There are 2 protein chains.
Amino acid sequence: MTTQTAKSTKDRILDAAEALFAEHGYDGTSLRGVTGQAGVNLAAVHYHFGSKAALFEAVFRRRVEDVNAERLSKLDELEARGPEHPPSLEEVLEAFLGPVLRLSARRDDEGWRRFMQLVGRCNSVSGEHMEPLRQVFQQVAARFFPAFLRAVPHLREKDLYYRLHFLIGSMSTLIADPLRIQIHSEGLCRSDDPDEVLRHLVIYAAEGFRAPTPVR
Amino acid sequence: MTTQTAKSTKDRILDAAEALFAEHGYDGTSLRGVTGQAGVNLAAVHYHFGSKAALFEAVFRRRVEDVNAERLSKLDELEARGPEHPPSLEEVLEAFLGPVLRLSARRDDEGWRRFMQLVGRCNSVSGEHMEPLRQVFQQVAARFFPAFLRAVPHLREKDLYYRLHFLIGSMSTLIADPLRIQIHSEGLCRSDDPDEVLRHLVIYAAEGFRAPTPVR
DNA sequence: GTCTGAGGCAAACGATCGTTTGAATCGTAC
DNA sequence: GTACGATTCAAACGATCGTTTGCCTCAGAC
């Protein structure tokens with residue numbers, strides 16, 4: 001029910017593939033299912049993309065740059081304030097998590113929610129088709145690493161690696177299955193309100209990051 | 001290279017299925033691959049289990065009771081000390097996370113590591129075959145909920161639901177791909193040392209749980 | 001008009017999937 | 001030895017998979 005009903009064949013395939021890959025995974029999705037939902041011919045996917053694997057790659061290439069550019073842009077803004085105004089831990093967390101959580105809960109664009117669901121799925125699975133996606137997100141995390149380190153200078157690098165990994169795990173499961181927290185909390189937690197989820201996660205992670213370094 | 005080379009056909013199928021389901025997922029695993037790795041005939045899986053879905057269920061039924069019984073047993077121990085000695089937050093976290101993390105890194109039993117990898121994968125994916133597994137782990141989390149609530153009495157139920165969900169996300173990604181943190185940290189974090197991972201996660205989560213409740 | 005190339009189409013390719021069949025093989029009780 | 005239930009086996013079933021083929025349509029160049 002989008003305003004544009006005259007999408008190109010390529011985009012219709014991408015939309016359908018995005019939804020089905022996110023819901024059923026790579027192996028659980030058939031090209032006949034994709035082309036059936038897209039309303040196009042089966043051979044069109046090979047004509048426009050070449051193969052199923054290439055289609056999968058095209059699905060995530062379409063959006064991955066946008067979300068990570070937004071995260072890095074927010075980080076750049078924080079660092080551009082100069083060394084006399086170092087960003088707070090909460091600000092770095094906001095830049096790291098905010099774009100991801102907000103895009104995964106956009107009510108006006110179901111495509112982004114599905115894409116983020118796909119990202120969360122790939123982040124949790126060691127599948128072979130998903131390595132390039134994981135690498136891109138890992139590079140963003142690596143860019144954030146020194147900013148986090150400056151915001152919590154009492155941590156050793158090793159401690160920060162652990163805690164950043166814990167944080168990524170929380171973020172991944174949030175976007176991989178946004179409805180789950182709402183179901184488990186019997187509706188107390190509203191997963192369709194990204195700002196509330198973000199507020200809770202930032203407070204939780206900030207105190208976690210500020211925890212003392214393990215002694216032993 | 002196990003000491004027992006004389007395993008039954010049923011167990012050989014379960015071992016091979018556990019490894020392949022954990023690595024490639026349900027749809028990415030073929031029964032021919034399972035029986036090939038197990039060294040048994042293809043029809044044996046239908047003779048002993050009935051179907052591929054039933055085999056998948058048998059794989060996780062074999063171990064799921066053990067790990068969750070251990071977690072609940074630890075919780076019972078803590079609560080048996082009586083209301084005058086309430087368990088600390090760190091103790092509840094230890095009971096909740098310890099058995100899972102330790103089993104997922106056992107050096108003497110690769111089967112447990114693979115099983116935990118499968119659990120982590122299912123915990124992150126909304127696949128249809130994995131609902132019973134997720135429900136079992138969710139019931140355990142529900143049992144832990146009041147213990148957590150007593151350990152951090154300043155939290156509203158809603159806050160605890162959020163933070164418990166964040167914690168489960170961290171735990172799931174840890175066991176779904178144990179090697180990832182070691183790779184990303186360039187070897188600084190040793191994922192084959194469950195006690196160290198547990199120590200870091202308990203400290204991180206404890207401070208996160210103790211964070212104040214969001215104001216707005 | 002004719003030619004051209006991009007794109008859409010039905011149909012089929014060989015491979016692999018989960019599942020089923022029916023006979024061969026085994027140990028064991030009689 | 002014989003009968004019998006339990007297990008294993010090779011072979012095939014129909015369905016579905018990703019991929020390819022060849023032909024059709026059609027808008028723009030000349």
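None of these values were measured; they are calculated from a predicted model.
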**Student:** Would you kindly compare A/Arg32 and A/His48 by the position of their nearest DNA chain C nucleotide and give the one closer to the 5′ end?
**Tutor:**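 Looking at DNA chain C, the more 5' nearest nucleotide goes with A/His48.
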
**Student:** Give one of base, sugar-phosphate or nothing for A/Thr35, where a contact means two heavy atoms less than 4.0 Å apart.
**Tutor:**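 Answer is nothing: A/Thr35 stays at 4.0 Å or more from every strand.
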
**Student:** Go through D/dT21, D/dT8, C/dA6 for me and flag the one nearest to the A/Tyr47 side chain.
**Tutor:**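 Within the option list, the nearest is C/dA6.
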
**Student:** Can you measure A/Asp27 atom CG to C/dG18 atom P for me and round it to whole angstrom units?
**Tutor:**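 Distance, rounded to whole Å: 11 Å.
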
**Student:** Atom NZ of B/Lys52 to atom C1' of C/dT16: distance rounded to whole Å?
**Tutor:**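 Atom-to-atom, B/Lys52 to C/dT16, this comes out as 11 Å.
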
**Student:** Distance check needed: D/dT8 C1' versus B/Lys10 NZ, whole Å only.
**Tutor:**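 Going from B/Lys10 (NZ) to D/dT8 (C1'), I get 15 Å.
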
**Student:** Hey, can you tell me if A/Phe148 and A/Phe144 have their rings parallel, tilted or perpendicular (30° and 60° cut-offs)?
**Tutor:**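 It falls in the tilted class, 30° to 60°.
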
**Student:** For C/dA10 and A/Asn41 - does any side-chain N or O of the residue sit under 4.0 Å from the phosphate oxygens OP1/OP2?
**Tutor:**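 Checking A/Asn41 against C/dA10: at least one side-chain N or O falls below 4.0 Å of OP1 or OP2.
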
**Student:** Relative to each other, are the rings of B/His165 and A/His184 parallel, tilted or perpendicular (30° and 60° limits)?
**Tutor:**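 It falls in the perpendicular class, over 60°.
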
**Student:** How close or far is atom C1' of C/dG8 from atom CZ of A/Phe49, stated in whole angstroms?
**Tutor:**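 Spelled out: CZ on A/Phe49 to C1' on C/dG8 is 15 Å.
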
**Student:** Indicate whether OP1 or OP2 belonging to C/dC17 is found under 4.0 Å from a side-chain N or O atom of B/Ser30.
**Tutor:**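 Result: yes.
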
**Student:** On the nucleotide C/dG8, are OP1 or OP2 found under 4.0 Å from the side-chain N or O atoms that A/Thr9 carries?
**Tutor:**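 Yes, A/Thr9 has a side-chain N/O under 4.0 Å of OP1/OP2 on C/dG8.
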
**Student:** Among B/Arg63, B/Arg114, B/Gln117, find the residue that satisfies the side chain to side chain donor-acceptor pair (under 3.5 Å) test when tested with B/Glu18.
**Tutor:**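 So the option named by the test is B/Arg63.
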
**Student:** Applying a 4.0 Å non-hydrogen cut-off, can you work out what B/Ala43 is touching in the nucleic acid: base, sugar-phosphate, or nothing?
**Tutor:**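 Touches a base.
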
**Student:** Between atom CZ in A/Arg12 and atom P in C/dC9, what is the gap in whole Å?
**Tutor:**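 Taking CZ of A/Arg12 and P of C/dC9, I get 9 Å after rounding.
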
**Student:** Quick test of your reading of the model: are B/Lys52 and B/Glu57 salt-bridged, counting only N-O distances below 4.0 Å?
**Tutor:**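 Salt bridge flag = no for B/Glu57 with B/Lys52.
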
**Student:** Starting at CG of B/Leu42 and ending at P of C/dG18, how long is that distance when rounded to a whole Å?
**Tutor:**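 Atom CG in B/Leu42 sits about 8 Å away from atom P in C/dG18.
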
**Student:** Provide, to the nearest angstrom, the distance between the CG atom belonging to B/Leu31 and the P atom belonging to C/dA15.
**Tutor:**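 Atom-to-atom, B/Leu31 to C/dA15, this comes out as 21 Å.
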
**Student:** What integer distance in Å separates A/His46:NE2 from C/dA11:C1'?
**Tutor:**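 After rounding, the gap between these two atoms is 15 Å.
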
**Student:** For B/Tyr161 together with B/Phe145, are the ring centres under 6.0 Å from each other?
**Tutor:**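 Aromatic pair counts; centres sit under 6.0 Å.
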
